[in-house]
Amino acid sequence: MHTQDLLAADTGMGAVTLRVADLDRMTAFYTEGVRLSVVSSSPGRTVLGRGPVPIVVLEHAPELRHAGAHEAGLFHTAVLFDTRADLAAALYSVATRYPQSFTGSADHLVSNAFYFTDPEGNGVELYWDRDRTEWSWTHGMVDMATIYVDPNAFLQEHLTQDALDGATARPGRVGHVHLSVGDVATAKAFYVDQLGFATTAGWGEALFVSAGGYHHHMAMNTWNSRGAGRRQLALGLGLVRIEVPALDDLGAVTERMRDHGLQLADDGRTVAFEDPWANRIEVTAPGRG
């Protein structure tokens, strides 16, 4: 792939929008559990984040149904913390207030991660990255694994009172977004060949992609959704946001997607389109979002 066909190296992920049936219950999980704070709120819509950085947008849509277990959509939203102490504080809060939501943990070589399911079935990953100098690459692919991490041992080693006391104001952001899709080949054609991410890892039923040599900004798997078609309007994932560093980068994305025949919506602030499973993607740049 030519450099001009790739997303800018400083590309990152923005807040993930979730359509929810019970706004109060979901707000409580993400504030009391994950330790996000309310960035802004309006009737039927709550923006949650760390400090001023939005991470999850909750939109009240009680008229919608829950998606089926094998439909395409969100696999998890991954919240990235700057330090292991901040990750430990979030892990402690969720585990003590919502103990039944815990689904697993892993050392992925590039990161430590803990997994949960929110009250409406949306996956949540809380993680911390090792320094990039500690990552290993083989033939252009990042080396990752899934090694069990004992949550209690992690807390004993890294939890601090300072991190607990200041949790909502300490740094955090969306590190990556992982989707459930119908097939990996179609996902690669869209997210790599058209949108401009680079492949960083792939294991049969899963694909990991990034910009700028990150281990992954997005991932797609068919573990629960093989063969899934386009989504119908339902609770769950409403919007994935991708943030590029400059207006020229946004223009390049817009031109590239138009060249591939995608229908785009450009409201002067964001460029939006759908992936092959009707997941809505918005790309924005400073001054446009």
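When the options Asp143, Thr200, Asp129 are evaluated for a side chain to side chain donor-acceptor pair (under 3.5 Å) with His215, the one that passes is Asp129. Each of Val209, Asn279, Asp183, Thr186 was checked for a side-chain contact (heavy atoms from CB on, under 4.5 Å) with Met220, and the lone residue meeting it is Val209. Of the residues Arg50, Arg170, Arg173, the one that meets the salt bridge (charged side-chain N to carboxylate O under 4.0 Å, His left out) test with Asp82 is Arg173. Looking at Trp128, Tyr148, Phe114 one by one, the single match for ring pair (Phe, Tyr, Trp, His ring centres under 6.0 Å) with Phe154 turns out to be Phe114.
Enclosure of atom CD in Gln263 is not indicated, since only 12 or fewer non-hydrogen atoms of other residues, nucleotides or ligands lie within 6.0 angstrom. No more than 12 heavy atoms of other residues, nucleotides or ligands shown are found within 6.0 angstrom of CD on Glu255. In the displayed structure, His260 atom NE2 is contacted under 6.0 Å by more than 12 heavy atoms of other residues, nucleotides or ligands.
Remark: the Asp131 side chain and the Thr133 side chain contain an N/O donor-acceptor pair separated by less than 3.5 Å. With hydrogens and angles left out, the side-chain atoms of Arg45 and Ser40 include no donor and acceptor closer than 3.5 Å.
When hydrophobic clusters are built by joining Ile, Leu, Val, Met, Phe, Trp and Tyr residues whose side-chain heavy atoms come closer than 4.5 Å, directly or via intermediates, Phe190 is grouped together with Val244. There is a path of hydrophobic side-chain contacts, each under 4.5 Å, that joins Tyr92 to Tyr30. No path of Ile, Leu, Val, Met, Phe, Trp and Tyr side chains, each step under 4.5 Å between heavy atoms, connects Leu80 with Val47, placing them in separate hydrophobic clusters. Follow the hydrophobic side-chain contacts under 4.5 Å out from Leu91 and you never reach Tyr127; the two are in separate clusters. Val192 and Val142 sit in two unconnected hydrophobic clusters of ILVMFWY residues. Membership requires side-chain heavy atoms under 4.5 Å apart, directly or through other members.
With rounding to the nearest 0.5 Å, the separation of OG in Ser111 from CD in Glu134 is 11.5 Å. Atom OG1 of residue Thr270 and atom CD1 of residue Ile242 lie 12.0 Å apart, to the nearest 0.5 angstrom. Annotation: the span from Thr11 atom OG1 to Met218 atom CE amounts to 12.5 Å, rounded to 0.5 Å. The CG atom of Leu155 sits 9.0 Å away from the CG atom of Asp150 when rounded to the nearest 0.5 Å. Remark: Leu179 CG to Ile281 CD1 distance equals 6.5 Å, nearest 0.5 Å. Annotation: the span from Leu233 atom CG to Arg231 atom CZ amounts to 8.5 Å, rounded to 0.5 Å.
Using the six-membered ring where Trp is involved, His216 and Tyr214 have ring planes that are parallel, under 30° apart on the 30 and 60° scheme. Relative ring orientation between Phe197 and Tyr191 is described as tilted, the plane-to-plane angle lying within the 30° to 60° band.
Residues Leu164 and Ser93 are in side-chain contact: their nearest non-hydrogen atoms beyond the backbone lie under 4.5 Å apart. Asp10 is not listed as a side-chain neighbour of Asp249, based on a closest heavy-atom distance of 4.5 Å or more. Val34 places none of its side-chain heavy atoms less than 4.5 Å from the side chain of Val56. Contact annotation: the side chain of Lys188 approaches that of Thr199 to within less than 4.5 Å [non-hydrogen atoms, C-beta and beyond]. Residues Val38 and Leu48 form a side-chain contact, since some pair of their non-hydrogen atoms from C-beta on lies under 4.5 Å apart. Using a 4.5 Å heavy-atom threshold, the side chains of Val124 and Val94 count as separate. Side-chain contact between Ser136 and Leu109 is absent, with no heavy-atom pair separated by less than 4.5 Å. At a threshold of 4.5 Å between non-hydrogen side-chain atoms, the residues Leu74 and Val177 count as touching.
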Q. Given Phe273 and Val283, is the side-chain contact (heavy atoms from CB on, under 4.5 Å) satisfied, shown in steps?
A. CA-CA 9 Å; Phe273 43 87; Val283 184; 3.9 Å; yes
Q) Could you walk me through whether Gln232 and Glu71 pass the side-chain contact (heavy atoms from CB on, under 4.5 Å) check? A) CA-CA 9 Å; Gln232 302 300 307; Glu71 294 181 31; 5.6 Å; no
**Q.** Tyr98 and Phe116: CA distance, side-chain angles, deciding distance, ring pair (Phe, Tyr, Trp, His ring centres under 6.0 Å) verdict
**A.** CA-CA 9 Å; Tyr98 297 88; Phe116 300 86; 9.5 Å; no
(Q) Could you go through Asp118 and Leu18, starting from their C-alpha distance and side-chain angles, then the distance that decides it, and tell me whether this counts as side-chain contact (heavy atoms from CB on, under 4.5 Å)? (A) CA-CA 11 Å; Asp118 77 17; Leu18 301 176; 4.0 Å; yes
Q) Should Val271 and Met257 be marked as a side-chain contact (heavy atoms from CB on, under 4.5 Å) after you check the CA-CA gap, both sets of side-chain angles, and the distance that decides it? A) CA-CA 10 Å; Val271 175; Met257 300 311 274; over 6 Å; no
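In this structure, Glu243 and Met13 approach most closely via the heavy-atom pair OE1-O, 4.0 Å. Of all the heavy atoms in Ala206 and Phe208, the pair that sits closest is CB-CE1, 3.9 Å. A pairwise comparison of heavy atoms in Leu237 and Gly73 identifies CD2-C, 4.3 Å as the closest pair. Annotation for Ala21 and Pro62: closest pair O-CB, 3.8 Å, computed over non-hydrogen atoms. Taking every heavy atom of both residues into account, Glu282 and Leu239 meet most closely at CG-CD1, 3.4 Å. Nearest heavy-atom pair across Phe81 and Ala90 is CZ-CB, 3.6 Å.
With His217 contributing its side chain and Ala211 its backbone, the two residues share a donor-acceptor pair below 3.5 Å.
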